[in-house]
Amino acid sequence: MGKKFNNKFGGGGLGGGMGDMLKQAQKMQADMEAMQAELDERTETVTAGGGAITVTVSGKKEIKEMIISPEVVDPDDVEMLQDLVVAAVNEALRKIEEITSGEMAKITGGLNLPGF
């Protein structure tokens, strides 16, 4: 009879190293999904113009609240108000993106995976 073939991966199946890699990938995916759900519920608040504008944004990158101090509302200088709103929103979005990226990097070990 012929000699039985047995390689380091446990024969012909997904044993050993490949099976472990698949399990690790599945765990990483589950961890990422759980972290994304947690981040979606998180909010971050930033201010602009020395506190004249306050913006709260969610992990889903949705504006949840914006507070504009009455002192900054000047009908003769609407452009300044617009600039402050844009600055506050952009900073809030940048901050939530930074937090999301940092938390995901903890799970992925720095791998750049699409969709997260």
Side-chain angles (χ1 to χ4, degrees):
M1 296 280 154
K3 197 176 188 184
K4 186 175 180 183
F5 179 74
N6 192 3
N7 65 26
K8 67 179 179 179
F9 298 113
L14 281 179
M18 286 296 273
D20 289 343
M21 283 179 35
L22 182 58
K23 286 178 187 175
Q24 287 176 341
Q26 289 170 336
K27 182 183 181 327
M28 183 186 299
Q29 182 178 7
D31 289 348
M32 288 172 57
E33 288 171 359
M35 179 61 69
Q36 188 64 54
E38 183 180 315
L39 288 169
D40 285 350
E41 296 302 315
R42 186 172 183 166
T43 61
E44 283 297 316
T45 301
V46 300
T47 61
I53 306 238
T54 302
V55 175
T56 301
V57 66
S58 75
K60 291 182 181 182
K61 299 177 185 160
E62 296 173 342
I63 296 172
K64 293 298 191 179
E65 181 179 46
M66 181 180 299
I67 300 170
I68 301 174
S69 176
E71 298 85 50
V72 76
V73 180
D74 180 355
D76 295 327
D77 196 1
V78 174
E79 189 174 311
M80 180 190 68
L81 178 59
Q82 292 168 337
D83 290 345
L84 288 173
V85 169
V86 169
V89 169
N90 284 336
E91 178 61 17
L93 292 173
R94 186 202 61 74
K95 191 171 187 177
I96 204 74
E97 180 63 32
E98 181 181 292
I99 290 167
T100 300
S101 296
E103 291 298 318
M104 285 300 169
K106 290 177 187 177
I107 293 172
T108 65
L111 294 174
N112 188 10
L113 301 175
F116 291 96

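Nothing fancy with the numbering, it's 1 onward along the sequence.
Under the 4.5 Å side-chain heavy-atom criterion for ILVMFWY residues, no single connected hydrophobic cluster contains both V46 and L39. No chain of hydrophobic side-chain contacts below 4.5 Å, direct or via other Ile, Leu, Val, Met, Phe, Trp or Tyr residues, connects V57 to M104.
The two atoms that bring A52 and L84 nearest to each other are CB-CD1, 4.5 Å, heavy atoms only. Between V55 and A88, the shortest heavy-atom distance links the atoms CG2-CB, 3.5 Å.
Taking the side chain as every heavy atom from C-beta outward, K61 and T100 never approach each other to under 4.5 Å.
Salt bridge status for E91 with K95: absent, with no side-chain N to carboxylate O gap under 4.0 Å. Taking the charged nitrogens against the carboxylate oxygens, E103 and K106 do have a contact shorter than 4.0 Å, which makes a salt bridge.
Note that CD of E41 and CD of Q36 are 11.0 Å apart. Values are rounded to the nearest 0.5 Å. Atoms CE and CG, from M35 and D40 in turn, are 11.5 Å apart once rounded to the nearest 0.5 Å. The structure places OG1 of T43 at 13.0 Å from CD1 of I63, a figure rounded to the nearest 0.5 Å.
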Side-chain donor-acceptor pairs under 3.5 Å in residues 64-81, sequence neighbours left out?
| from | atom 1 | to | atom 2 | distance (Å) |
| --- | --- | --- | --- | --- |
| S69 | OG | E71 | OE1 | 2.3 |
| D74 | OD1 | D76 | N | 2.9 |
| D77 | OD1 | M80 | N | 3.3 |

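For R42, the side-chain hydrogen bond (donor to acceptor under 3.5 Å, both in side chains) test picks out E44, with sequence neighbours left out.
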